[in-house]
Number of protein chains: 2
Amino acid sequence: MTIPTRGEPGAMPTTPVQERSTRQRRIIRSVFDDAERPLSIEEVLDAATRGRHTVSLSTVYRFVRALVEDGSLSVFELPGLGAFYELSGKAHHHHFSCLHCKRVYELNDCISVDKLALPTDFQAVSHDLTVAGVCAACNVGGTSRAQRAP
Amino acid sequence: MTIPTRGEPGAMPTTPVQERSTRQRRIIRSVFDDAERPLSIEEVLDAATRGRHTVSLSTVYRFVRALVEDGSLSVFELPGLGAFYELSGKAHHHHFSCLHCKRVYELNDCISVDKLALPTDFQAVSHDLTVAGVCAACNVGGTSRAQRAP
DNA sequence: GTTAGTGCAAACTGTTTGCAAGTAT
DNA sequence: ATACTTGCAAACAGTTTGCACTAAC
């Protein structure tokens with residue numbers, strides 16, 4: 001007899017792994033569903049624990065990692081700012097990082113990097129572009145006008 | 001009386017800071033002079049301690065940081081690979097990161113990012129582009145031919 | 001009732017720092 | 001002789017993990 005398992009076909013009959021729906025997981029998922037920009041772990045934790053909810057830091061780390069591993073989320077890292085997470089499945093895009101509030105935004109345009117001259121024998125697999133600057137919120141009314149705190 | 005100091009003009013008379021030439025510093029400087037690509041702290045340490053020399057990790061961190069602060073070196077960070085350092089003063093360029101050996105190379109071309117559509121009210125200050133792939137050394141003779149270890 | 005998920009604290013990794021001993025000037 | 005540098009070990013920040021307890025199913 002063959003019991004279907006997720007993972008490799010023909011694997012030994014095992015109890016199928018079941019993913020449970022807990023309060024914490026529902027919250028974390030909804031944080032990403034509601035987010036309109038990539039989030040750092042800190043931002044996820046902040047959003048998740050807004051209200052009277054309580055979610056531990058390790059749970060955020062663990063579940064976000066699980067979501068990355070199952071493909072629901074994509075990660076990228078920014079210099080000095082650590083990792084950011086966003087829902088997968090979007091068109092290829094790049095990011096804008098605000099030097100003032102440290103928030104990160106999506107850029108819809110993908111520059112064509114194919115044009116970049118690569119040394120012979122170098123094989124490009126992917127490219128990553130980040131523009132840094134001042135975001136709309138922080139840019140209001142001049143150069144030194146502080147908006148929402150980071 | 002006014003004793004010239006480095007730093008802000010008109011500063012209080014202080015003993016001018018003198019930078020000493022030690023064996024360790026000479027070695028670290030020469031590592032960068034000889035390097036033909038950006039180096040991580042580990043790579044600097046490895047190169048510096050090749051031969052019978054001895055340089056401690058903290059000295060590498062400390063002196064490399066000093067060189068960055070005085071402008072001799074530039075830093076940039078790559079996702080998952082940490083910080084890389086290279087001599088300053090080169091034309092604007094980007095980097096290529098080998099997925100196999102983890103080494104980083106300079107790319108001479110600078111893509112024009114001016115063309116990238118930025119949302120109104122976003123001010124671009126700088127941009128950073130990294131291409132990832134397989135470098136010439138690791139690309140020799142096919143896809144899975146291992147070259148020098150990372 | 002089982003077993004996956006959570007929270008806490010301890011472990012880890014990469015980097016920085018305090019301080020006593022070493023060394024360039 | 002002076003005070004900048006070094007090396008070691010302890011301190012740190014960010015992330016991961018072991019384990020007993022809690023809660024889905």
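Throughout, protein chains are lettered first and strands after them, A, B, ... in sequence-line order, and every chain is numbered starting at 1. Values below: every heavy atom of this structure, side chains too, minus hydrogens, waters and symmetry copies. All values reported here derive from a predicted model rather than from experimental measurement.
With rounding to whole Å, H53(B) atom NE2 is found 18 Å from dG7(D) atom C1'. Counting to the nearest Å, the C1' atom of dG14(C) and the CD atom of E42(B) are 9 Å from each other. For the pair I41(A) CD1 and dA13(D) C1', the computed distance is 15 Å after rounding to whole Å. Spacing between atom CD of E19(B) and atom C1' of dT2(D) amounts to 18 Å, rounded to whole angstrom units. For the pair R65(A) CZ and dT6(C) P, the interatomic distance rounds to 14 Å; values are reported in whole Å. Per the geometry, CZ belonging to F84(A) stands 12 Å off P belonging to dG14(D), to the nearest Å. When rounded to the nearest whole Å, the span between CD of E69(A) and P of dT15(D) equals 16 Å.
Here the side chain of T130(B) pairs no donor or acceptor atom with the backbone of F96(B) at under 3.5 angstrom. One N or O on the side chain of T49(A) and one on the backbone of L45(A) form a donor-acceptor pair closer than 3.5 Å. In terms of modelled atom types and a separation under 3.5 Å, the side chain of H53(B) and the main chain of A48(B) share no donor-acceptor contact.
Hydrophobic side-chain contacts under 4.5 Å tie V125(A) into a cluster, directly or through other members, with L99(B).
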For this session: Could you walk me through whether E86(A) and R37(A) pass salt bridge (Lys or Arg N to Asp or Glu O under 4.0 Å), step by step?
Result: CA-CA 7 Å; E86(A) 62 189 345; R37(A) 55 185 172 83; over 6 Å; no
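Taken residue by residue, residues 55-64 of chain A places heavy atoms nearer than 4.0 Å to DNA chain D at S58(A), Y61(A), R62(A). For the segment residues 20-29 of chain A, residues with any heavy atom less than 4.0 angstrom from an atom of DNA chain C are, sorted by number, R20(A), T22(A), Q24(A), R25(A).
Residues H127(A) and H92(A) bring their aromatic ring centres within 6.0 Å. A centroid separation of less than 6.0 Å is found between the aromatic rings of Y105(A) and F122(B).
Between R103(A) and E43(A), none of the side-chain N atoms (NZ, or NE/NH1/NH2) sits under 4.0 Å from a carboxylate O, so this pair counts as no salt bridge.
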